[in-house]
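Written out below as structure tokens is the structure these notes cover.
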Amino acid sequence: MAPPCLHDIDKFFRRLALGLALWLPAGAVSADILIATVGPMSGPQKVFGEQMKRGAEAAVADINANGGVLGERVVMVVKDDECEAKRASEVAQEIVAENVVFVAGHLCSGASIAASRIYTASEILQISPATTAPQFTENGDFNVFRVTGRDD
């Protein structure tokens with residue numbers, strides 16, 4: 001299956017605001033809401049990472065222009081996992097340390113699966129726009145979702 005186009009990623013992020021608002025506990029937000037988009041920002045897949053980044057930037061701008069989430073501004077960080085599982089695990093640890101509450105990513109299945117274990121342990125919401133490996137969601141983790149079909 002081909003990775004999503006920029007239009008699909010933009011739609012994904014624009015629809016994210018409601019889901020993020022429902023995910024956050026009432027009264028738990030007292031500062032900016034930190035989210036991340038993670039994908040291949042370098043290497044052979046970087047064109048898809050750039051699409052993810054541009055879509056996320058447009059969505060964050062739109063969300064903030066409309067009052068943010070729960071009245072709080074959304075701030076995005078961008079991380080490069082190089083579509084590699086080992087690097088994705090390192091990035092996931094960075095995201096935990098930065099107190100990110102939501103991750104849009106990863107693009108590649110191996111990277112998504114490796115990072116999802118860390119996000120689950122830290123209760124960080126992860127939604128992948130492109131992970132197709134069945135193993136990504138077969139554990140039934142409460143915080144891990146995909147918006148694309150499975151390989152099978």
Side-chain angles (χ1 to χ4, degrees), residues 1-24 32-70 72-120 122 124-139 141 143-152:
M1 175 173 278
C5 70
L6 179 59
H7 174 73
D8 293 334
I9 292 170
D10 184 52
K11 276 188 358 188
F12 163 73
F13 279 101
R14 290 180 189 277
R15 292 179 181 169
L16 171 68
L18 177 60
L20 184 59
L22 295 173
W23 180 265
L24 295 170
D32 293 338
I33 298 171
L34 193 58
I35 68 169
T37 189
V38 184
M41 303 301 161
S42 63
Q45 301 281 344
K46 71 181 178 183
V47 65
F48 301 116
E50 181 60 30
Q51 287 178 351
M52 291 174 67
K53 178 182 169 202
R54 288 194 327 243
E57 287 170 342
V60 167
D62 187 51
I63 291 166
N64 286 333
N66 287 291
V69 174
L70 301 176
E72 301 297 331
R73 187 173 72 110
V74 176
V75 176
M76 183 183 72
V77 296
V78 178
K79 299 284 186 175
D80 182 7
D81 67 6
E82 303 168 8
C83 269
E84 297 290 336
K86 182 176 186 283
R87 179 66 187 133
S89 293
E90 295 166 356
V91 165
Q93 292 293 348
E94 294 170 12
I95 284 170
V96 169
E98 293 173 18
N99 295 314
V100 169
V101 298
F102 166 74
V103 174
H106 300 238
L107 180 82
C108 300
S109 293
S112 287
I113 292 166
S116 70
R117 297 177 186 115
I118 295 163
Y119 300 141
T120 297
S122 298
I124 295 172
L125 176 63
Q126 177 188 13
I127 303 176
S128 174
T131 296
T132 58
Q135 300 88 341
F136 177 59
T137 53
E138 283 186 345
N139 287 341
D141 293 329
N143 63 310
V144 176
F145 302 92
R146 73 171 89 232
V147 293
T148 192
R150 293 166 37 131
D151 288 333
D152 58 358

Non-hydrogen atoms of [X] and [Y] that approach each other most closely:
X: S109; Y: A133; answer: OG-N, 3.1 Å
X: K53; Y: M76; answer: O-CE, 4.2 Å
X: G149; Y: T132; answer: O-CG2, 3.4 Å
X: T148; Y: T131; answer: CG2-O, 3.3 Å
X: L107; Y: A130; answer: CD1-CB, 3.4 Å
X: S112; Y: G105; answer: OG-C, 4.2 Å

Donor-acceptor pair, side chain of R73 and main chain of N64, under 3.5 angstrom: no
D62 (side chain) donor-acceptor with A58 (main chain) under 3.5 angstrom: no
Between [atom1] of [X] and [atom2] of [Y], what distance do you get to the nearest 0.5 Å?
X: I127; Y: R146; atom1: CD1; atom2: CZ; result: 12.5 Å
X: D151; Y: Q135; atom1: CG; atom2: CD; result: 8.0 Å
X: E72; Y: L34; atom1: CD; atom2: CG; result: 13.0 Å
X: E94; Y: K79; atom1: CD; atom2: NZ; result: 4.0 Å
X: S116; Y: I124; atom1: OG; atom2: CD1; result: 11.5 Å
X: L125; Y: D141; atom1: CG; atom2: CG; result: 12.0 Å

Candidate pair I35 and V60, rule side chain to side chain contact (heavy atoms under 4.5 Å, CB included), full reasoning: CA-CA 9 Å; I35 68 169; V60 167; 3.8 Å; yes
Do [X] and [Y] come within less than 4.5 Å of each other through their side chains, counting heavy atoms only?
X: R117; Y: S89; result: no
X: Q126; Y: F136; result: yes
X: E50; Y: K46; result: no
X: V96; Y: I118; result: yes
X: Y119; Y: N143; result: yes
X: E84; Y: E90; result: no

Partner of V103 under side-chain contact (heavy atoms from CB on, under 4.5 Å), chosen from V91, T37, I95: I95
Residue pairs passing the disulfide (SG to SG under 2.5 Å) test where at least one lies in residues 73-113, sequence neighbours excluded: C83-C108
